[in-house]
Amino acid sequence: MSSSFKQPRPGGGVMNRRTALGLGLGALAGAALTGCASGDAKSSGVRKAAAPPPTYVAPPVYPGAIVPEVPGVPTAYPSMPKKLTKTVAEIPGRGGAVRHFHLTWGPPATPLDGNRWWKGLNERLGVDFQVTEVSAGNYEAKFATMLAGGDLPDVVQLAGGRYGEIYSASCLKAIRQGAFADLSEILAGDKVLAYPNLANVRAEQWEACTINGGLWGVPIDVPVELLEFRYRKDWAEKLGFPKPPADAAETAELLVAMTKGNPEGSKKTWGLTAFPGMALDLAYGMFAVPNNWKYEGGKLTHAIETPQFEAAIDWLVKLWKSGGMHPDALALGAQTDRYRAFVVQHQVGMAVDSAANFHRPNTQYGKVVAELDGAFAAFIPPGHDGTSKAVFRRTAGAFGINAISAEAAKDKDRLAEILRLFNWRRGPVGSEEWYYQGWGADGDYFTRGADGEPVPVEGTNLDADKGAIAYGLTPQSWIFPTAKDCVETNSQMVRQSVASPVERFRSDTQAARGAQLDQLFATYVNQIVVGSRPLTDLAAYRQAWRGQGGDQIRREFQEQLKRR
C-alpha cells in the first residue's frame with residue numbers, strides 16, 4: 001500500500017460497493033479527452049455516447065469454498081482444487097514480441113535465460129513476453145520518461161496516486177493525450193464473451209477503469225479492503241500489553257515500547273518503519289479520516305480539511321517525537337523492499353500489507369507468520385478514543401489497469417491478440433492457466449501432493465523467477481490453510497470501511513495538478529510529522545492546497561455529484 005502507492009496495492013488501496021449497480025460507461029464527466037486510435041479501438045472525444053457495459057459472468061466456484069457474507073470480500077479456499085480445468089483451448093499469441101510495463105514491489109525477475117517459469121509462460125502464451133519491471137517508488141519518474149520517449153510498450157500498467165486515486169495525474173494526462181486505446185466498443189455487452197475470462201470482471205471494476213465514457217483497460221483485481229494489520233503479539237506481551245491496544249494513546253505507547261523496550265534483546269527494533277504508508281494507514285483508520293472527501297448537505301470537504309485529519313497528524317507528530325517510528329521513515333515510505341525486510345528480519349513491531357501476503361505460506365510475510373507461530377498476529381486497529389471504531393478506506397475493486405497503447409491498437413488483429421493474452425492470464429481460480437501463473441509447471445517449482453496441495457521443489461525459488469511478471473492480470477485468489485481467518489478479519493475491515501463519494505468521477509484539475517498537490521503534501525505534512533514544521537502549518541498547507549487547485553477540484557466534483 002509507499003508515498004504514492006497502497007501496497008499490494010501494492011496496494012490502497014479494492015471493490016466498489018455498488019455490486020448490484022449497472023455500469024454507466026458514459027456517466028463519468030471527467031476531463032475532455034482528446035487523441036485518436038484507429039482500428040476498432042478509439043481514444044475518447046468529449047463525452048461520447050455510452051456503450052453497453054461488458055456482460056458479467058460469475059467465475060466458477062469449486063467445492064470447499066468459503067463464501068463471505070460481506071460483499072466485496074473474496075471467496076476463499078482452505079485447500080487447492082484437486083482437479084484443474086482448462087479455460088483456453090488454443091495458444092492465444094501469434095509468435096512475436098509483446099512488451100509490458102509492469103509494477104513491482106520486489107526485486108526484478110530472474111533473466112529469461114535462467115528462468116523456467118518465464119520460458120513456460122512464453123510457450124503457453126505463444127509470444128515473446130518482454131517486461132520492463134518498475135518499482136513502485138520509481139513508477140512516476142519511469143512512466144514520465146517512457147511517455148516522453150514516445151515509444152510505449154504494448155501494455156502499460158496505470159496505477160494510483162497518493163490519496164488512493166486509481167490513476168495518478170501523469171496516467172490521466174497520458175489518457176487525455178490519446179496514448180491508450182478505448183476498449184468500450186470492443187468489449188461492450190456480449191462482445192466481451194469472445195474473451196470469456198474477461199467476462200468475470202465485475203461491473204464496478206469496469207466502472208473504475210472508465211473515464212468520460214472510455215474504457216481504458218482491464219483492471220488489476222484487488223479486494224474492496226485490501227489491507228490487513230499485524231503486530232508482534234509476543235513483543236507486546238513481553239512489554240506489558242497482554243491485549244491488542246484499545247485506543248490511539250495505547251497504540252502509541254505500544255509502538256514506542258517496541259522501539260525502546262528491546263523486545264528482541266540486542267537487535268534494534270522499531271514500532272513502525274515507514275511514513276507515509278503503514279503509519280498513515282494506521283493513523284487514518286484510528287481517527288476515521290474520510291476517504292479522500294466527505295459529502296454532506298450537498299457540500300464536499302476534503303479529508304485534509306477535517307478535524308479527523310488534524311488529529312491523525314497530531315498523533316503521528318507525537319509518535320515520531322516519542323521515538324515510535326524508524327528515523328528513516330520518510331525514505332522508507334517509498335522503499336517497499338527495505339521496510340518489508342524489517343518484518344522478515346524481526347525488527348518491526350507493526351505492519352500493514354495486502355491481506356493475502358500474510359496468509360500465503362510461500363510469501364515473505366507468510367513465511368514469517370508461520371515461523372512465529374501466532375506471534376505475528378492479525379488485529380483490527382482501535383478507534384482513537386477506545387469507544388468508536390476505526391474507519392478504513394474502501395476502494396474501487398481495481399488498484400490500476402492494464403492499458404493497451406493506442407499504437408498497438410491501430411492493428412485490430414494485434415489488439416485482438418493482446419486481448420486473447422489478457423483472457424488467458426485472467427484464467428479463473430481453479431483453472432490450469434491460473435495455476436501455472438501461481439505455481440508453475442508440475443515439477444519445476446512445485447509438485448502436487450496426494451491431497452492436491454503444491455509441495456515445493458527443494459532448491460527452487462518461484463518468487464525470484466516470477467518477479468512482477470505475474471502481477472496485474474490474474475484474479476485475486478485466497479487459497480491457504482488460514483482462509484477462514486483471513487475472510488473473518490477482512491469482513492470486519494470491510495464492515496468498518498467507507499468509499500470515496502467521488503470514486504466514480506474524474507477532475508480535469510486533479511489530472512493537471514495532482515503531482516503538484518502531492519508535492520505539497522510532502523512539503524508540509526511530511527515535514528510536520530518529523531518536526532521540521534509546527535503542527536500549526538497545517539493551516540498554511542490547507543490554504544496552499546485550495547489555492548493551487550483544491551477548490552477547483554472540489555467545484556468539478558460537486559458539479560458531477562449534482563448530475564448523478
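This one's a predicted model, so the numbers in the text were calculated from it and none came from an experiment.
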Check: His100 ring centre within less than 6.0 Å of Phe129 ring centre: yes
Asn402 CG to Leu158 CG distance, which is reported to the nearest 0.5 Å: 8.5 Å
Evaluation steps, salt bridge (Lys or Arg N to Asp or Glu O under 4.0 Å), between Lys412 and Glu417: CA-CA 9 Å; Lys412 74 174 186 177; Glu417 178 188 28; over 6 Å; no
Trp434 ring center within less than 6.0 Å of Trp439 ring center: yes
Intermediate values then yes/no, side chain to side chain contact (heavy atoms under 4.5 Å, CB included), Lys367 and Glu371: CA-CA 6 Å; Lys367 291 171 184 175; Glu371 176 188 352; 6.0 Å; no
SB check Arg230 Asp353 (cutoff 4.0 Å): no
Any side-chain donor near an acceptor of the partner, Asp221 and Gln205, under 3.5 Å: yes
Heavy-atom donor-acceptor pair, Glu407 side chain to Pro153 backbone, under 3.5 Å: no
Validation row: Val429, Gln476 side chains within 4.5 angstrom (heavy atoms): no
Leu372 and His346, any side-chain heavy atoms less than 4.5 Å apart: yes
Aromatic ring proximity Phe376/Phe358, centre distance under 6.0 Å: yes
Under 3.5 Å side-chain donor-acceptor pair for Tyr56 and Asn200: no
Side chains of Gln364 and Arg340, donor plus acceptor under 3.5 Å: no
Closest non-hydrogen atom pair between Gly438 and Leu462, with its separation: O-CD2, 3.2 Å
Sub-4.5 Å side-chain heavy-atom contact between Phe399 and Leu103: yes
CG-CG distance between Leu187 and Leu419, expressed to the nearest 0.5 angstrom: 6.0 Å
Lys119 NZ: over 12 foreign heavy atoms closer than 6.0 Å: yes
Asp190-Thr55 side chain donor-acceptor pair, cut-off 3.5 Å: yes
Heavy-atom pair with the smallest gap, counting every atom of Tyr471 and Ile220: OH-CG2, 3.3 Å
Arg420 and Leu198: CA distance, side-chain angles, deciding distance, side chain to side chain contact (heavy atoms under 4.5 Å, CB included) verdict: CA-CA 9 Å; Arg420 290 196 303 272; Leu198 298 187; over 6 Å; no
Trp216/Ile401 under side chain to side chain contact (heavy atoms under 4.5 Å, CB included): CA gap, chis, key distance, verdict: CA-CA 8 Å; Trp216 300 100; Ile401 66 172; 3.7 Å; yes
Neighbour count >12 (heavy atoms, 6.0 Å) for atom CG, Asp373: no
Within-4.5 Å side-chain heavy-atom neighbours: Ile469 and Leu121: yes
Pairs touching residues 473-485 that satisfy salt bridge (Lys or Arg N to Asp or Glu O under 4.0 Å), sequence neighbours left out: Lys484-Glu488
Nearest atoms (heavy-atom pairs only) where Pro92 meets Trp424: CG-CB, 4.0 Å
Exam field: side chain Glu453 to backbone Met80, donor-acceptor pair closer than 3.5 Å: yes
Any donor-acceptor pair under 3.5 Å from Lys191 side chain to Glu185 backbone: yes
Atom pair CG/CH2 of Asp128 and Trp118 - distance to nearest 0.5 Å: 8.5 Å
Check: Gly120 main-chain N/O paired with Arg124 side-chain donor or acceptor under 3.5 Å: yes
Check: Thr363 side chain, Asn357 main-chain N or O, donor-acceptor pair, under 3.5 Å: yes
Between OG on residue Ser431 and CZ on residue Arg426, distance to nearest 0.5 Å: 11.0 Å
Side chain to side chain contact (heavy atoms under 4.5 Å, CB included) assessment of Trp478 paired with Cys486: CA-CA 8 Å; Trp478 284 5; Cys486 188; 3.6 Å; yes
Arg448 charged N/C atom sitting above Tyr435 aromatic ring, 6.0 Å / 45°: yes
No-hydrogen, no-angle side-chain donor-acceptor test under 3.5 Å, Thr87 and Glu433: yes
N/O donor-acceptor pair under 3.5 Å between Asn461 side chain and Ala464 backbone: yes
Short side-chain to backbone donor-acceptor contact, Glu133 and Ala468, under 3.5 Å: yes
Check: Ala141 main-chain N/O paired with Thr145 side-chain donor or acceptor under 3.5 Å: yes
Aromatic ring pairing Tyr139/Phe143, orientation class (parallel under 30°, perpendicular over 60°, tilted between): parallel
Side-chain heavy atoms of Val127 within contact of Arg94, under 4.5 Å: no
No-hydrogen, no-angle side-chain donor-acceptor test under 3.5 Å, Thr110 and Asp465: yes
Beyond-backbone contact of Tyr195 with Phe422, side-chain heavy atoms, under 4.5 angstrom: no
Heavy-atom side-chain proximity of His359 to Glu228 below 4.5 angstrom: yes
Minimum heavy-atom distance Asp182-Gly213, with the two atoms named: OD2-O, 4.4 Å
Neighbour count above 12 (heavy atom, 6.0 Å) for Lys83 NZ: no
Short N-O contact, Asp151 and Arg99, less than 4.0 angstrom: yes
Any residue meeting side-chain contact (heavy atoms from CB on, under 4.5 Å) with Thr273, in chain and number order, not counting sequence neighbours: Trp270, Met278, His326, Leu332, Tyr339, Phe342, Val348
Approximate separation, where rounding is to 0.5 Å, of Arg394 CZ and Leu226 CG: 14.0 Å
Closest non-hydrogen atom pair between Leu193 and Ala199, with its separation: CD2-CB, 3.9 Å
Check: Lys142 side chain, Phe101 main-chain N or O, donor-acceptor pair, under 3.5 Å: no
Ionic contact status for Arg232 with Glu264, cut-off 4.0 Å: yes
Gap between atom CD of Gln519 and atom CG of Asn526 - 0.5 Å precision: 8.5 Å
For Ala470 against Trp117, the heavy-atom pair lying closest together: CB-CH2, 3.7 Å
Close side-chain approach of Val201 and Pro219, heavy atoms under 4.5 Å: yes
